[in-house]
Every structure is written in structure tokens, then in C-alpha cells.
**Student:** 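I am attaching a structure below and will ask some questions about it afterwards.
What you see below is based on every heavy atom in this structure, not just the backbone, and it leaves out hydrogens, waters and symmetry mates. Source: prediction; values computed, not measured. Below, read A as the first sequence line, B as the second, and so on, with proteins coming before strands; counting in each chain starts at 1.
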Amino acid sequence: MGGTDARSTCGLSDDGACDVVAPQVVAVVGPTASGKSALADELAVRLGGPVVSADAMQVYRRMDIGTAKTPVAERRAPLLCIDLAEPSETYSVACFMSQAHEAIDTALGAGRVPVVCGGTGLYVRAALEDMDFPSGEQLDNPVRARYEALAAELGPDAFHDLLAQRDPASAVLIHANNVRRVVRAFELLEQGTSYAVQHEGLHVRVDRHPTLMVGLEMDRAQLYERINVRVERMVETGLVDEVRGLVAEGLADSLTSRQAIGYREIIAYLAGECSLAQAVDDIQRASRRYAKRQLTWFRGDPRVRWIDASGYTCEQMADIVEQWMAVGISNHAGV
RNA sequence: GGCUGGAUAGCUCAGUUGGUAGAGCAGGGGACUGAAAAUCCCCGUGUCAGGGGUUCGACUCCCUUUCCAGCCA
């Protein structure tokens, strides 16, 4: 595990005031359309490192316009951890964690500062921390299918009651209607652990390397306006054709990638279920709600230092981040 | 100009024999450890268009003004 040496200099001061150290990794987080990618690229250019995407949908190849991957021609720094899987594949955070760690550690090994950039809270954590995932069969396992069938047969409440009998501690943490997570809890039981045990480590945040986390926030109305414009721009620049091509190769049957905002709505449009205008409307609304959830996630992370993105240009924000880097960050052993 | 409907939450509307109002959508807040752009939970006070009247009490009945639809001139 990589980060222990960096932290070993930090004596455990009882008042929590640890040493101030220079960050080795920068992370840019925030809601969709807040300008993360541009800032990350600018920072990466200045720092000489790569941008490491932490986005659950950008990992899929050929899903470019709808996931707002920075076009190749506009990338000034290398963009890593995108295009890792086929849209038909079932990908997962655990897969992402190892690939992101490798990308980050390679950059650090070359003396570079990687700039993690992403809107998927769980993926950002996976990139920055060592999360414990029980080993064993991961993807498309029959265990999951079995419990999904059982859930469908019993109904949410009885299914949840069953979990309460086998693993009461986990059952209290999960709402009965959240069938997906109840299924996951059963899976973990079969692997000899429990959702509740994993959950305990949830609020212990230990970075693998000293990391400066920067969050972009913005007036809500302004953010929503940016989202609306961006969605229209996506359609203008060929989102429908992109989705049409992916549907031809089976996107509509994929497990994960077809759930991506922008794709599921255009799939519906192409299937004749709604007008294009309606699809655009739906994408915009889904994006707004997603942005809200992203904000909820990142607001809960005490490591994040926020910048009002509506008040500065990309270059000015990069200046601020560089100043923060020069000052250094508290090398908490965990927040 | 006349007649008939409307005017209630940001939007579309409901409101039962008069007891000061509630749904959907939009929106807001939260959770989150192997599908996470997923999944799930919680949140409804608004001059009931303005004014007057009847009544113990009016969104609800009566009169009037304004505005909007449609019909007749």
C-alpha cells in the first residue's frame, strides 16, 4: 500500500493539529457542468501531471458526447482512467479502484502530481483511498441473480425481514425499499462479511497520499442554466448519432451503461417512446437531480475546500489551488 | 357590447350539503463501501384575483371590479 510513508511523519498530536505537508495529489470535485474538467486540465498542465478521471460513465468506450469527455483535440494534459471498458461490460468500483491506483502511483513514481477529476463520489473515494472490498467472484455472479429472484418473489418487505433475521445489524442500516442494497447485503453475507461491518469504515477517510481536494460550487440557478445549455449542446454535436451507433451494438441490453443520463433518454427517443424535445427535457431534469446528489455527497466530505466557480475564471481558480498547494495541507491521518 | 366558463403552491389542477386547503409535476434536504449518471428516504402556509355583502364563521353563497378563454352580435 502506497501512502503509509507519507503519513509516517505525522505524529499523532492529540489536538489533531498534524504537520503541514505539501500535497502530492490534487482532486477536483463538484457537480456536473461546474467546470471541473477545464480546471483539472489547466492544473495538470501547470503541474506537469496527468488528469485521472473519476467518473463512473466515462470509463465506457465510445460514450463520449453524453459523458462529456473532453474532446481529444482539447486535451492539453493526458486524460487517464477513461475508456476502460466496453459499454456491454459490467464494470464496478472495485475494478476502478485498482486501475485508478495504478495510474496515480505511476504518475507519482515519475515525480508528477496527478489531478484526480470527477463527479462520481464513490469513484473519487476509490481513487484516493484504500477501500476494503471482499475478494471473490465479482461480476455477473449467480448469487446476485439468485437474491434478485428471491426479492421479486417475496416482495421488498418480506425480503428485508429475511435479511433482518440473518443479519440484523445490516438490516437496520438499509431501507426495505432499497432492494438493490438488500441484495448486496446478502451477497456480502455469502462472502463471509456483512454490510454493517463495511459500513463502519465509511466515515473513516484516509488518503493514500496527501491530497488537496478542491470542490467547485455555484449558484444553483446558474448551475442549472449551464446544465441546460450543455445538454442542448450535446444534442447539437451529435449525441443522437452516438447513441444510435451504440444501440446498434447492443447498448440497450447492457446492464450499466444504458442507465447513463443522456443515453437512456435518447434510447427511449430512438425507440419511438417520446419526442426528441421531450428527451432533451428529461435529460436536463435528470442532470439537475444528479447535480444535487453530487453536491450532497461532496458537501459531506470535510476534506473538500470549496471555490465559488461563478466568481473566477479557470485560470484564477488554478491560481488559488496553486496557492493552497504552496501553503500545504494538514496531514491528517484520517478525518 | 351581450352570454357562459374560468381565476387556489413555481406549473397543471382538486376541494365533498359553508367550519380558513391538498394531489401530481417542478423544486429542496438527506443516505450511500463490488450496478453509484445507479438505488433509496424525507419535505406542501399559499393575500384561495381585488373589493363589498349574507353568516357565529366563506375558497365555498350573493353583488361588483379586473383579467383570461369560448360563444353570440
**Student:** The side chain of A:Thr120 lies closest to which of these nucleotides: B:C41, B:A38, B:A36?
**Tutor:** B:A36

**Student:** Would you kindly compare A:Asn177 and A:Tyr123 by the position of their nearest RNA chain B nucleotide and give the one closer to the 5′ end?
**Tutor:** A:Tyr123

**Student:** Which part of the nucleic acid, if any, lies within contact of A:Gly66, taking any heavy atom under 4.0 Å across all strands shown: a base, the sugar-phosphate backbone alone, or nothing?
**Tutor:** base

**Student:** Taking only side-chain nitrogens and oxygens of A:Arg144, does any of them come within less than 4.0 Å of OP1 or OP2 of B:A35?
**Tutor:** yes

**Student:** Starting at CE of A:Met63 and ending at C1' of B:A36, how long is that distance when rounded to a whole Å?
**Tutor:** 14 Å

**Student:** Roughly how many Å is it from OH in A:Tyr147 to C1' in B:A35, rounded to a whole number?
**Tutor:** 18 Å

**Student:** Check the distance between B:A35's P and A:Leu255's CG and give it to me in whole angstrom.
**Tutor:** 9 Å

**Student:** Is it true that the side chains of A:Gln58 and A:Ser53 contain a donor and an acceptor less than 3.5 Å apart?
**Tutor:** yes

**Student:** C1' atom, B:U20 versus B:G24: distance in rounded Å?
**Tutor:** 24 Å

**Student:** Distance between the P atoms of B:C13 and B:U8, in whole angstroms?
**Tutor:** 9 Å

**Student:** If we take the C1' atom in both B:C42 and B:C59, what is their distance in whole Å?
**Tutor:** 30 Å

**Student:** Roughly how far apart, to the nearest Å, are B:C56 and B:G51 at atom C1'?
**Tutor:** 23 Å

**Student:** Given the structure, check if the side chain of A:Glu265 and the base of B:A37 hold any donor-acceptor pair shorter than 3.5 Å.
**Tutor:** no

**Student:** Under 4.0 Å between a side-chain N or O of A:Arg289 and OP1 or OP2 of B:A26?
**Tutor:** yes

**Student:** Write down the distance between CD (A:Glu187) and C1' (B:A35), rounded to a whole number of angstrom.
**Tutor:** 10 Å

**Student:** Rounded off to whole Å, could you give me the NE2-to-C1' distance for the A:His160 and B:U39 pair?
**Tutor:** 14 Å

**Student:** Residues two or more places apart in sequence or in another chain: which of them pass side-chain hydrogen bond (donor to acceptor under 3.5 Å, both in side chains) with A:Tyr263?
**Tutor:** A:Glu242

**Student:** Can you give me the N/O atom pairs linking the protein to nucleotides 29-33 of chain B at distances under 3.5 Å, or say none if there are none?
**Tutor:**
residue : atom : partner  : partner atom : Å
B:G29   : OP1  : A:Arg220 : NH2          : 3.2
B:G29   : OP2  : A:Arg220 : NH1          : 3.1
B:G29   : N7   : A:Lys292 : NZ           : 2.9
B:G30   : OP2  : A:Thr296 : OG1          : 3.2
B:G30   : OP2  : A:Arg299 : NH2          : 2.4
B:C32   : OP1  : A:His199 : NE2          : 3.2
B:C32   : OP1  : A:His203 : NE2          : 3.4
B:U33   : OP1  : A:Arg181 : NE           : 3.4
B:U33   : OP1  : A:Tyr195 : OH           : 3.2
B:U33   : OP2  : A:Tyr195 : OH           : 2.4
B:U33   : O2'  : A:Gln198 : OE1          : 2.2
B:U33   : O2'  : A:Gln198 : NE2          : 2.8
B:U33   : O4   : A:Gly201 : O            : 2.4
B:U33   : O4   : A:Leu202 : N            : 2.7

**Student:** Would you check if the side chain of A:Thr237 reaches a backbone N or O of A:Arg233 as a donor-acceptor pair within less than 3.5 Å?
**Tutor:** yes

**Student:** Measure the distance from CG on A:Asp282 to C1' on B:A26 and round it to the nearest whole Å.
**Tutor:** 13 Å

**Student:** What is the distance, to the nearest angstrom, from the CD atom on A:Gln278 to the P atom on B:C25?
**Tutor:** 14 Å

**Student:** For A:Glu89, which contact category applies under a 4.0 Å heavy-atom criterion: base, sugar-phosphate, or nothing?
**Tutor:** nothing

**Student:** Pick base, sugar-phosphate or nothing for A:Thr67, based on heavy-atom distances below 4.0 Å to the nucleic acid.
**Tutor:** base

**Student:** With a cutoff of under 4.5 Å between side-chain heavy atoms, which Ile, Leu, Val, Met, Phe, Trp and Tyr residues group with A:Leu150?
**Tutor:** A:Val143, A:Tyr147, A:Leu154, A:Phe159, A:Leu162, A:Leu163, A:Val172, A:Leu173, A:Ile174, A:Val179, A:Val182, A:Val183, A:Phe186, A:Leu188, A:Leu189, A:Tyr195

